[in-house]
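Letters go in sequence order (proteins before strands), and every chain restarts at 1.
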Protein chains: 2
Amino acid sequence: MQQPDSLQYLGVRDDIAARIAGGAFKPGERLPSERQLQAGGGVARGTVREALFQLEAEGVIYRKDRSGWYVSPPPVVYDPTRWEGFMSYVEAQGRRPETETLSKVEIVADDMLAQIFSRPVGAPMYWIRRRRLIDGRAVLIESIIVDAARAPGLIDHDLNGSLTSVLKSVYGIGVARNKVDMRPCALTRDEAEALRVKSGLPGLSLVRTCYDAQGHVVEFDREYWRHDALTVSVDIRVR
Amino acid sequence: MQQPDSLQYLGVRDDIAARIAGGAFKPGERLPSERQLQAGGGVARGTVREALFQLEAEGVIYRKDRSGWYVSPPPVVYDPTRWEGFMSYVEAQGRRPETETLSKVEIVADDMLAQIFSRPVGAPMYWIRRRRLIDGRAVLIESIIVDAARAPGLIDHDLNGSLTSVLKSVYGIGVARNKVDMRPCALTRDEAEALRVKSGLPGLSLVRTCYDAQGHVVEFDREYWRHDALTVSVDIRVR
DNA sequence: GGAGCATTCTGGTCTATACCAACTGCACGA
DNA sequence: TCGTGCAGTTGGTATAGACCAGAATGCTCC
C-alpha cells in the first residue's frame, strides 16, 4: 500500500499541513470551509474530505459538528504513576481544566462490580458520569463507580472538582495502588455523543482501578479520551 | 452529533457486526466483497464502505489491500512492567509470533540520540528495524537504537529472536528500568507501508527507553502498533 | 439592549459512476 | 512440476450532484 505522491488527497493533506505548520492557522483556529478548500485546490469535495480525515487521524485537526474544522491544541501528558487528579494535573501543564457532572446516582452492584469490589451482588454503589474539558474542549468522558458503604453520601457533595481529594478529606480514603488498562478504541454511540464527536473517531479507553493500602478497591473508573488529547508516559522498574 | 438509527451506514454496520458476533464469520475469515454487501443491503457502495470504516475503527475487522475485509483476531495484552520480549510474551498468550529484520546498520548519533544515551554526537550506534507478526499478520514495526560501544558486533547476530536475551547472554547487559511513552497516533507513510495498511489508520506509538542498573540507557525503541492488535495494562503503586 | 426568528453557511449523508492498481486464481506451456 | 501470464475480482481513488440537520449569523421586533 505505497503512497506515491500522485494521490491527490495526500497532496491536499500536505498542502493544508504545511499551512498549519507555517503558522497560517494557529491552534484553535478554524480552517476554511470544505467548499472553499475544494475551490482552492481544484478537486472534488470528497477528495478534500479524505485529506481532512487524514489530518484528523493524525491529530492535527479536529471538527466541530456542522461548524467547521479546527487546528488541534497540543496534547496533555498523562503519567498514571503520578496521577493526582485531572484538575491539578492539567493545570500544572498550563491548561484550563473543567469538569461537568453529567449524572450521579445510586445503583446496585451487578456481577462484574461485585467481583471487582469483592462485595455481594446488590451492594449499593454510586455511579458518577463526568465530562472533562481542556481549554473549553471536551476531551474525555468518565464513568466512576464507588462503593457506597465506604463513602456514604458521596454524591451529595460537589463532584466537579477532584474526586480523589473528596475521598481523602471527607472519608479519609487514600489511594495506594493503581491498575490501569489502556486500549486504543473507537468512540461510538454514547461516548461519541457526550464528546460531541463523530461516531467512529479513534480514542483511548482507559480503565483505572484504585486500591487503598489494605488492597480494597476504592474506585473503579472507565475513561474514554479523544485520541488527540493526550500522551501517556509510564516510568517503571522492571520486576 | 446524535446517532439516530436512521443513518443507513450505522444500520449496515450493525448488520455486519451482528453477523460476526453470531459466528457467521470467524476471526481471520474474509467478508463478502463490498459490491456483494452493497447488493445485499440495497445501498450505495460508499455507504457500505462507511460502515466498514466504522468497524475497522472499532477493531472488529481489518483490510488487506485489494484483497478484502477480514474479521480481526483478539488483541494481545501488553504490560510494560512485565515485558520480557515480544516472542515469549506473545507465545504465552497462545499466539504465534514472528519477527522479520528489515534492516540493521551502523549509524552515528545525532543530537537527539546523543542526549538520550549521554554520549557525544557522532558516537557509533546500531539502528535496527524490525517487523513483528502475530499469527501471520503484521502488527507492529519497531526501530531500535543500541549504543555500539556497549554491544560491539551486535548486528552480526541473528536478531529475529529476542534482542533482550542477546544483550543479556552475549554482552551481560540487563534491563533494570523501563520508561514507556504511549500515544494514539495515525500510521502514515513508512509505518503504514511496512505494516501494509492504509495511511491514516489509527495506531499506537510506543517509545521505550531501557536502562541498566547503573542508569545508563541500554536501548531506545520506537514502536508503531496496529490499534486493534493490543491492550495495554499497567499495574503500579502510587508514589 | 435583549429575545426570538429566519436566513445562510457548514459539515454529514447518500447516490451513481468511472477508472485504476493490486491481488487472486486459473489455464497454459515449458 | 513449476513458473508464467492472462483475466477477473477486489478495494482505492476521484468526480459530480443532491439533500438534510445543526450551527452561526444577522435581522426584527419588543
**Asked** What pairs meet the side-chain hydrogen bond (donor to acceptor under 3.5 Å, both in side chains) rule with one or both residues in residues 21-34 of chain A, with sequence neighbours excluded?
**Response** A:Glu34-A:Arg45, A:Glu34-A:Arg49, A:Glu34-A:Trp69
Between [atom2] on [N] and [atom1] on [X], what's the gap in Å once rounded to a whole number?
{"X": "A:Arg35", "N": "C:dT8", "atom1": "CZ", "atom2": "C1'", "answer": "12 Å"}
{"X": "A:Glu193", "N": "D:dG22", "atom1": "CD", "atom2": "P", "answer": "11 Å"}
{"X": "B:Arg30", "N": "C:dT24", "atom1": "CZ", "atom2": "P", "answer": "9 Å"}
{"X": "B:Leu37", "N": "D:dT10", "atom1": "CG", "atom2": "C1'", "answer": "12 Å"}
{"X": "A:Tyr9", "N": "D:dT15", "atom1": "OH", "atom2": "C1'", "answer": "16 Å"}
{"X": "A:Glu34", "N": "D:dA18", "atom1": "CD", "atom2": "C1'", "answer": "15 Å"}
{"X": "A:Lys198", "N": "D:dA23", "atom1": "NZ", "atom2": "P", "answer": "16 Å"}
{"X": "B:Arg196", "N": "D:dG11", "atom1": "CZ", "atom2": "P", "answer": "18 Å"}

**Asked** For C:dT15, does either OP1 or OP2 sit under 4.0 Å from a side-chain N or O belonging to B:Gln8?
**Response** yes
**Request:** Give a yes or no on whether a salt bridge exists between A:Arg137 and A:Asp228, defined as a side-chain N under 4.0 angstrom from a carboxylate O.
**Result:** yes
**Request:** Choose from D:dT13, D:dA24, D:dT10 the nucleotide whose nearest atom is closest to any side-chain atom of A:Ser67.
**Result:** D:dA24
**Message:** Which nucleotide wins on minimum distance to the side chain of B:Arg66, given the candidates C:dC20, D:dC19, C:dT13?
**Reply:** C:dC20
**Asked** In chain order, what residues pass the side chain to side chain contact (heavy atoms under 4.5 Å, CB included) check against A:Asp15, with sequence neighbours excluded?
**Response** A:Arg19
**Prompt:** Which residues satisfy the side chain to side chain contact (heavy atoms under 4.5 Å, CB included) test with A:Val43, sequence neighbours excluded?
**Reply:** A:Gln8, A:Val12, A:Thr47, A:Val48
**Prompt:** Under the ring pair (Phe, Tyr, Trp, His ring centres under 6.0 Å) test, which residues partner B:Tyr78, sequence neighbours left out?
**Reply:** B:Trp83
**Candidate pair B:Thr99 and B:Arg130, rule side-chain hydrogen bond (donor to acceptor under 3.5 Å, both in side chains), full reasoning** = CA-CA 7 Å; B:Thr99 303; B:Arg130 302 195 292 190; 5.5 Å; no
**Complete:** Contact check, residues 38-54 of chain A vs DNA chain C, heavy-atom distance under 4.0 Å, returns A:Arg45, A:Arg49
**Message:** Using the side chain to side chain donor-acceptor pair (under 3.5 Å) criterion, which residues pair with A:Arg95? Sequence neighbours excluded.
**Reply:** A:Asp135
